[in-house]
Amino acid sequence: MSRQFYVYLMASRTGTLYLGVTADLRRRVYEHKHKLIPGFTARYNINRLVWYEVYEDPVNAITREKQIKRWRREKKEALIRQMNPGWRDLSPDIGVEE
């Protein structure tokens, strides 16, 4: 059984974005939602999963994260709209409830 890695974007209600990479998307989204890790996402109330991609190889996931980090906001927003036009919270889709 292969392990999966995720590149993901979280958003606040006001539109502040956070991009990350993890091997456990459910756990990481739960941590963001419940402000379990102090820092940027807790400070700016970034608690809505709005986009993610799945990778089999951690190097590819990290490479993709670095690529997206260099993008302008408009390009990140277009990426989100492609998967999630309404910017709804995708957390319930992956099994994370409030």
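Side chains included, hydrogens not; waters and symmetry mates left out as well; all remaining heavy atoms used. Counting begins at 1 with the first residue of the sequence.
Ser12 pairs by the side-chain contact (heavy atoms from CB on, under 4.5 Å) definition with Thr14, Thr16, Ile46, not counting sequence neighbours. Partners of Glu31 according to the side-chain hydrogen bond (donor to acceptor under 3.5 Å, both in side chains) rule, which considers only residues two or more places apart in sequence or in another chain, are Arg27, Arg28. Among residues two or more places apart in sequence or in another chain, the side-chain hydrogen bond (donor to acceptor under 3.5 Å, both in side chains) test is passed with Tyr18 by none. Taking the side-chain contact (heavy atoms from CB on, under 4.5 Å) definition, one finds that Lys69 meets it with Leu19, Glu65, sequence neighbours left out. Residues passing the ring pair (Phe, Tyr, Trp, His ring centres under 6.0 Å) test with Tyr55: none are found, sequence neighbours excluded. Judged as a side-chain contact (heavy atoms from CB on, under 4.5 Å), and not counting sequence neighbours, the contacts of Ile94 are Leu25, Arg26, Val29, Leu49, Tyr52, Val96. The side-chain hydrogen bond (donor to acceptor under 3.5 Å, both in side chains) test applied to Thr41 returns His32, not counting sequence neighbours. Checked against ring pair (Phe, Tyr, Trp, His ring centres under 6.0 Å), Tyr30 has the following partners two or more places apart in sequence or in another chain: His34.
Trp51 is listed as a side-chain neighbour of Ile68, based on a closest heavy-atom distance under 4.5 Å.
Taking all atoms of both residues into account, the shortest heavy-atom contact from Ala61 to Val7 is O-CG2, 3.2 Å. Closest of all the heavy-atom pairs between Asp24 and Thr22 is N-OG1, 3.1 Å.
Pairs of residues two or more places apart, or lying in two chains, never qualify as salt bridge (Lys or Arg N to Asp or Glu O under 4.0 Å) while including a residue from residues 10-21. For residues 34-60, the pairs satisfying salt bridge (Lys or Arg N to Asp or Glu O under 4.0 Å) are Glu53-Arg64, with sequence neighbours left out. Sequence neighbours left out, the pairs with a member in residues 77-91 that pass side chain to side chain donor-acceptor pair (under 3.5 Å) are Lys33-Asp89, Arg73-Glu77, Arg88-Asp93, Asp89-Ser91.
Linking Ile, Leu, Val, Met, Phe, Trp and Tyr residues whenever their side-chain heavy atoms come within less than 4.5 Å leaves Val21 and Ile37 in two separate clusters.
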